[in-house]
2 protein chains.
Amino acid sequence: MPRTLPIVNTTAPMCCSPIGEHSEDPAADALQIATRLKALADPSRVRIVQELACCEGHEMTTTEAGALLGVSEATANHHLKRLQQAGILAPRRDAQKVYYHLDLGALRQLGAVLQVRCSANCHCS
Amino acid sequence: MPRTLPIVNTTAPMCCSPIGEHSEDPAADALQIATRLKALADPSRVRIVQELACCEGHEMTTTEAGALLGVSEATANHHLKRLQQAGILAPRRDAQKVYYHLDLGALRQLGAVLQVRCSANCHCS
DNA sequence: ACCTCCCTTCGATATTCATCTAATAGCGAG
DNA sequence: CTCGCTATTAGATGAATATCGAAGGGAGGT
């Protein structure tokens, strides 16, 4: 899975918003964006991100996530992995423990996609 | 479904980001956010929003959405309705046609949730 | 060596949901 | 009123996935 969201180009001349940017392959961009949104579109995973976003550098283990969510460790691990695969979380290993922390850049970039800034002087077709 | 995202309070004193804001019921907030993200977490629906976000005031009918996505009108209608239920799209009826357009505020608000702005002077527990 | 955590994987189950076809409903035109 | 176009609903199906319990694996401590 690519690490970049090709849609977000805040410097390019634009008619409108990042998500409305004209692209070579809008369907591919949509798939790209939807895939990342899907990784976050779950109450348990939003809850994890909430917790990690509270303070800079906060970390969380599988066991802690399980306790926080009230689910089994297997389930908690599943959610952490999904967030990691989307590039939103990154792991840090210390001995037998694995600490997960936020990738703030990835989260911000995903949010930027939704920051629509339409204007009247649009030169779409 | 409530029309507001209680999480986003850009004026309140904060330790970190909107999503990390301390709340009475973080789980409820997470559910709230996840529900809206889920409405957008689909390639077809992102594609629709892309198209509508291109130019201010752009509108789309069920038939047009079906043609754009290459799916049946029933499926297109399903996606439009899901986006509408999430408050992202709003309908405008004209005779027998129904034109859907973006609710820019709702989209921006959802994006704002992900604009994490952590700082070192955090006073979390 | 053994025991104990912690993390991860596996297989199963139940639910959600994207999609289709077919049918129904609404509105305008002739 | 009937025809045609648009929108919507209903029911069915297949795929994705959230969840669990159980089992496996790795690293430290005693």
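The chains referred to below are lettered A, B, ... by the order of the sequence lines, with proteins before strands, and numbering in each begins at 1.
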Report task. Indicate yes or no: at least one non-hydrogen side-chain atom of A/His79 is less than 4.5 angstrom from one of A/Asp42. Result -> yes
Requested in this report: Please name the pair of heavy atoms, one in A/Thr35 and one in A/Leu31, separated by the smallest distance, quoted to 0.1 Å.
Outcome: OG1-O, 2.7 Å
Requested in this report: Indicate yes or no: at least one non-hydrogen side-chain atom of B/Ile48 is less than 4.5 angstrom from one of B/Leu89.
Outcome: yes
Requested in this report: Would you indicate, yes or no, if C/dT8 has its OP1 or OP2 atom less than 4.0 angstrom from a side-chain nitrogen or oxygen of A/Thr62?
Outcome: yes
Report task. Give the rounded distance in Å between these two atoms: CZ of A/Arg47 and P of D/dA18. Result -> 18 Å
Query raised in the report: Does the side chain of B/Lys81 reach to within under 4.5 Å of the side chain of B/His78, using non-hydrogen atoms?
Result: no
Requested in this report: Grab the CG-P distance between A/Asp94 and C/dC7 for me, whole Å please.
Outcome: 11 Å
Report summary line: Rounded to whole Å, the OH-C1' distance (B/Tyr99 to D/dT6) equals 10 Å
**Report entry** Length of the NZ-P vector between A/Lys38 and D/dA15, whole Å
**Finding:** 15 Å
**Report entry** Nucleotide C/dC5, atom P - distance to CD of A/Glu64 in whole Å
**Finding:** 16 Å
Report summary line: Quick tally for nucleotides 21-30 of chain C: nucleotides whose base has a protein heavy atom under 4.0 Å get B, sugar-phosphate-only ones S, the rest -, giving B-----SS--
Query - Out of C/dA18, D/dT8, D/dT19, whichever nucleotide has its closest atom nearest the side chain of B/Asn77 - result: D/dT8
Query - Distance test, side-chain N/O of A/Lys81 to OP1/OP2 of C/dC7, below 4.0 Å - result: no
Query raised in the report: Would B/Arg82 and B/Gln85 count as having a side-chain donor-acceptor pair, cut-off 3.5 Å?
Result: no
Query raised in the report: Does the side chain of A/Val46 reach to within under 4.5 Å of the side chain of A/Pro43, using non-hydrogen atoms?
Result: no
Query - Side-chain N or O of A/His78 closer than 4.0 Å to phosphate OP1/OP2 of C/dT8 - result: no
Report task. Just compare D/dA18, D/dT8, D/dT19 and give me whichever is closest to any side-chain atom of A/His79. Result -> D/dT19
Query raised in the report: Is the shortest heavy-atom distance from the side chain of A/Leu52 to the side chain of A/His101 under 4.5 Å?
Result: no
Query raised in the report: Taking NZ from A/Lys97 and C1' from D/dA27, how many angstroms apart are they, rounded to a whole number?
Result: 13 Å
Report task. Considering just the side-chain nitrogens and oxygens of B/Thr63, establish if one lies under 4.0 Å of OP1 or OP2 belonging to D/dA7. Result -> yes
Query raised in the report: Mind checking whether A/Leu107 and A/Leu40 have side chains closer than 4.5 Å, heavy atoms only?
Result: yes
Query raised in the report: Using rotation axes that map the C1' atoms of four end pairs onto the next four (five pairs an end), what angle separates the end axes of the helix from C/dA1-D/dT30 to C/dG30-D/dC1, to 10°?
Result: 10°
Report task. Measure the shortest side-chain to side-chain distance between B/Tyr100 and B/Thr61 over non-hydrogen atoms and say whether it is less than 4.5 angstrom. Result -> no
Requested in this report: Measure the distance from CD on B/Gln85 to P on C/dT16 and round it to the nearest whole Å.
Outcome: 15 Å
Query raised in the report: Within this structure, what is the CZ-to-P distance between B/Arg82 and D/dT8, rounded to whole angstrom?
Result: 16 Å
Query raised in the report: For D/dT8, does either OP1 or OP2 sit under 4.0 Å from a side-chain N or O belonging to B/Tyr100?
Result: yes
Report task. Answer yes or no: is there a side-chain heavy-atom contact under 4.5 Å between A/Leu102 and A/His58? Result -> no
